[in-house]
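Okay, structure first, notes after.
Quick caveat: nothing in here was measured; it's all calculated off a predicted structure.
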Amino acid sequence: MATKNKTAFFCSNCGYESPKWLGKCPGCGEWNTFVEEKLTVSRKSSKRGLVKSSRPMRLSEIELKEEARIKMPSGELNRVLGGGLVLGSLVLIGGEPGIGKSTLLLQNILSIRNRRILYVSGEESASQLKMRADRLGKVSPDTFILCETNLDNIFDNIEEVKPELIVVDSIQTVSSTEIESAAGSVSQVRECAASLLRYAKESNVPVILVGHINKDGAIAGPKVLEHIVDTVLQFEGDRQYLYRILRAIKNRFGSTNEIGIYEMVQKGLREVKNPSEMLLSPNREEEMSGIAIGVTMEGARPFLVEVQALVSSAAYGTPQRSVTGFDQRRLNMLLAVLEKRARFNLSQKDVFLNIAGGLKVADPALDLGVVAAIMSSNFDISISDRVAFIGEIGLSGEIRTVTRIDQRVGEAAKLGFETVFIPKGNLKGVDNKFNIKIIEAGRVEEVFRQLFR
């Protein structure tokens, strides 16, 4: 096959190709993102994974069918995927090294019965995968292991095995002989992912890709990788905690608001059916100040989180604001509201805030729990561990209504809480059948009078 060499420049952010180096990318507008790569261009292009030619169709002629899905053994994974793995879809799972991406996939595919599965590994040997499978305690006779990084060889084995599900771990290790650059480069990741996408759409076989992340926490490779796939899942967690969170960043077949929660145990990942069990201290002393319980939502799933705050006099002159698991700018806004509207002087005090369990929360309904924990620490007065808080705080100090209030209150009642603070008028039109005392408040000051009188 006749070939010729050429050099091109690629944007590491979006994959834009240019024959010369550019300071600013015309595709995404980022600066200093172009890298030089050597290419080998074939005069006769490969037909690997190409979709068969099609003809234009009228929109009215297209038959709408419900997507056929493969039900994964993990209910949490099915929840995040939107009900299961859609046939012909391309799914990308990213996460930090050692977070459990390979364990999650291997644990699921080993439990699938009556489906031929091909697991392509470019990072581990067959014996390593066998040892992990034995540790998980499940071995499926229909699972095939292939340790290969060459794309052409992978497609040859796909034609031989004819799998019904393919896992590639990871896409950054796969390379094509048609491109001279090293595996993991912008052009290699883009072309290999595009070939697997074309194969998935043509054969109706779902393909799951595992992706590395860079130092900023984003999935490594060109941004076009996230654009061409159908679903992007992020596997998150803190190495200091055993809990892992699977979050959908993009999903063409479901909601992006759902999360799955797992616990890392000796035999793999265990599903956490009740998220509140990992976020609440089981035996907390009631006299501890600076702790409040808030109710947050992830998609249609309510759970309670423990908000911890520490307020102390500034030891070094300039007050510190330190946050873990919460938005730093939102904390500054809440402190300004307390200072201006509620007349609490916190400008000369250090404020430290932590969401227990290593979870990152962006729900504004947690605002009331945050300010309750801050004031509890400021006054050094504890809040009962049987009290929960729900409400968004506005700039004028009012407590604004939140969505899905019935589910939030119901979750607090189910877990045995005795009292819940909610925004005034939020339960209007909702049948109050909860076995819990509900206190409605319109402003922040009303809540403080109830708590610290």
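Taking each heavy atom of I438 and I422 in turn, the nearest pair found is CG2-CD1, 3.4 Å. In terms of heavy-atom proximity, I355 sits nearest to G325 at CG1-O, 3.5 Å. In terms of heavy-atom proximity, E339 sits nearest to N345 at OE2-OD1, 3.3 Å. Across every non-hydrogen atom of S74 and Y262, the tightest pair is OG-OH, 2.6 Å. Pairing each heavy atom of V402 with each of P423, the nearest pair is N-CG, 4.5 Å. A pairwise comparison of heavy atoms in I383 and S376 identifies CD1-CB, 3.8 Å as the closest pair.
The ring pair (Phe, Tyr, Trp, His ring centres under 6.0 Å) check on F379 picks up F344, F452, with sequence neighbours excluded. Legend: residues meeting salt bridge (charged side-chain N to carboxylate O under 4.0 Å, His left out) with R69, ordered by chain and number and at least two apart, are absent. Legend: residues meeting salt bridge (charged side-chain N to carboxylate O under 4.0 Å, His left out) with E164, ordered by chain and number and at least two apart, are R115. Residues that satisfy the ring pair (Phe, Tyr, Trp, His ring centres under 6.0 Å) test with F421, not counting sequence neighbours, are F389. Listed by chain and residue number, E411 satisfy the salt bridge (charged side-chain N to carboxylate O under 4.0 Å, His left out) test with K414 (two or more places apart in sequence, or in another chain). Looking at residues two or more places apart in sequence or on another chain, you find no salt bridge (charged side-chain N to carboxylate O under 4.0 Å, His left out) involving R343.
Summarising the geometry, atom OH belonging to Y119 is positioned 6.0 Å from atom CG belonging to L129; distances are rounded to the nearest 0.5 Å. Here the straight-line distance linking atom OG of S181 with atom CD of E36 works out to 11.5 Å at 0.5 Å rounding. The distance from atom CD of Q234 to atom NZ of K250, rounded to the nearest 0.5 Å, is 14.0 Å. The distance from the CD1 atom of I374 to the CG atom of L310 is 11.0 Å, given to the nearest 0.5 Å. Note that CG of L233 is 12.5 Å distant from CD of E258, once rounded to the nearest 0.5 Å. To the nearest 0.5 Å, atoms CD1 (I171) and OG1 (T173) are separated by 7.5 Å.
Between E96 and I213, some side-chain heavy-atom pair lies under the 4.5 Å cut-off. Between I208 and I166 the shortest side-chain heavy-atom distance does not fall below 4.5 Å. Taking 4.5 Å as the limit, every side-chain heavy atom of V307 sits out of range of all side-chain heavy atoms of I293. You'll find the side chain of L209 reaches within 4.5 Å of the side chain of V207, heavy atoms only. Side-chain contact between F235 and R244 is present, with at least one heavy-atom pair separated by less than 4.5 Å. Between L85 and P206 there is a side-chain heavy-atom pair separated by less than 4.5 Å. Here the side chains of V444 and L338 are in contact, with some heavy-atom distance below 4.5 Å. Taking the side chain as every heavy atom from C-beta outward, S382 and I291 never approach each other to under 4.5 Å.
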Yes or no on side-chain contact (heavy atoms from CB on, under 4.5 Å) for L59 and I62, after CA distance, side-chain angles and deciding distance? CA-CA 6 Å; L59 186 61; I62 301 175; 4.2 Å; yes
What verdict does the salt bridge (Lys or Arg N to Asp or Glu O under 4.0 Å) test give for E398 and R443, after you've listed the backbone C-alpha separation in whole Å, the side-chain angles of each residue and the deciding distance to 0.1 Å? CA-CA 4 Å; E398 82 279 12; R443 298 191 61 82; 5.1 Å; no
Can you check side-chain contact (heavy atoms from CB on, under 4.5 Å) on I109 and V167, steps first, answer last? CA-CA 9 Å; I109 65 175; V167 177; 4.2 Å; yes
Chi angles and distances behind the side-chain contact (heavy atoms from CB on, under 4.5 Å) call for R132, T103: CA-CA 8 Å; R132 181 177 296 185; T103 300; 3.9 Å; yes
Derivation and outcome, side-chain contact (heavy atoms from CB on, under 4.5 Å), residues K267 and L136: CA-CA 5 Å; K267 291 188 176 182; L136 296 175; 5.6 Å; no
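Checked by atom type and distance alone, the side chain of R341 pairs as donor or acceptor with a backbone atom of L395 at under 3.5 Å. S121 contributes a side-chain N or O that, together with a main-chain N or O of E124, makes up a donor-acceptor pair within less than 3.5 Å. Not a single donor-acceptor pair under 3.5 Å links the side chain of T324 to the backbone N or O of N354. Panel note: side chain K349, backbone S312; no donor-acceptor pair is recorded below 3.5 Å. At distances below 3.5 Å, at least one donor-acceptor pair connects side-chain atoms of S377 with backbone N or O atoms of V311. Q308 contributes no side-chain N or O that, together with a main-chain N or O of L353, makes up a donor-acceptor pair within less than 3.5 Å. With S203 contributing its side chain and Y199 its backbone, the two residues share a donor-acceptor pair below 3.5 Å.
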Scan the side chains in residues 86-94 for donor-acceptor partners under 3.5 Å anywhere in the protein, sequence neighbours excluded, and list what turns up.
| from | atom 1 | to | atom 2 | distance (Å) |
| --- | --- | --- | --- | --- |
| S89 | OG | V86 | O | 2.6 |

Between side-chain atoms of residues 28-35 and protein atoms elsewhere (two or more places apart, or another chain), which donor-acceptor pairs fall under 3.5 Å?
none

Quick one: side chains of residues 294-305, donor-acceptor pairs under 3.5 Å with protein atoms, not counting sequence neighbours, listed by atom name and distance.
| from | atom 1 | to | atom 2 | distance (Å) |
| --- | --- | --- | --- | --- |
| T296 | OG1 | D363 | OD2 | 3.2 |
| R301 | NH1 | E76 | OE1 | 2.9 |
| R301 | NH1 | I259 | O | 3.1 |
| R301 | NH2 | E76 | OE1 | 3.4 |
| R301 | NH2 | E76 | OE2 | 3.4 |
| R301 | NH2 | V272 | O | 3.3 |
| R301 | NH2 | K273 | O | 3.4 |

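Annotation: salt bridge (charged side-chain N to carboxylate O under 4.0 Å, His left out) contacts involving residues 315-333, sequence neighbours excluded, comprise D327-R329, R330-D367, R330-E392. For residues 346-369, the set of pairs meeting the ring-ring contact (aromatic ring centres under 6.0 Å, His included) definition, not counting sequence neighbours, is empty. Sorted by first then second residue, the ring-ring contact (aromatic ring centres under 6.0 Å, His included) pairs that include residues 319-338, not counting sequence neighbours, number zero.
Cation-pi geometry between R386 and F417 is met: under 6.0 angstrom from the ring centre, within 45 degrees of the axis.
Using modelled atom types, one finds no donor on one side chain facing an acceptor on the other under 3.5 Å when comparing K71 with N78. The closest side-chain donor-acceptor pair between N251 and T256, if any, does not fall under 3.5 angstrom. Checked by atom type, the side-chain pair R198/S195 shows a donor-acceptor distance below 3.5 Å. Using a 3.5 Å distance cut-off with no hydrogens or angles, the side chains of S176 and Q188 do not pair a donor with an acceptor.
Ion pair E236/R247 flagged as a salt bridge, since at least one NZ, NE, NH1 or NH2 atom sits closer than 4.0 Å to an Asp/Glu carboxylate oxygen.
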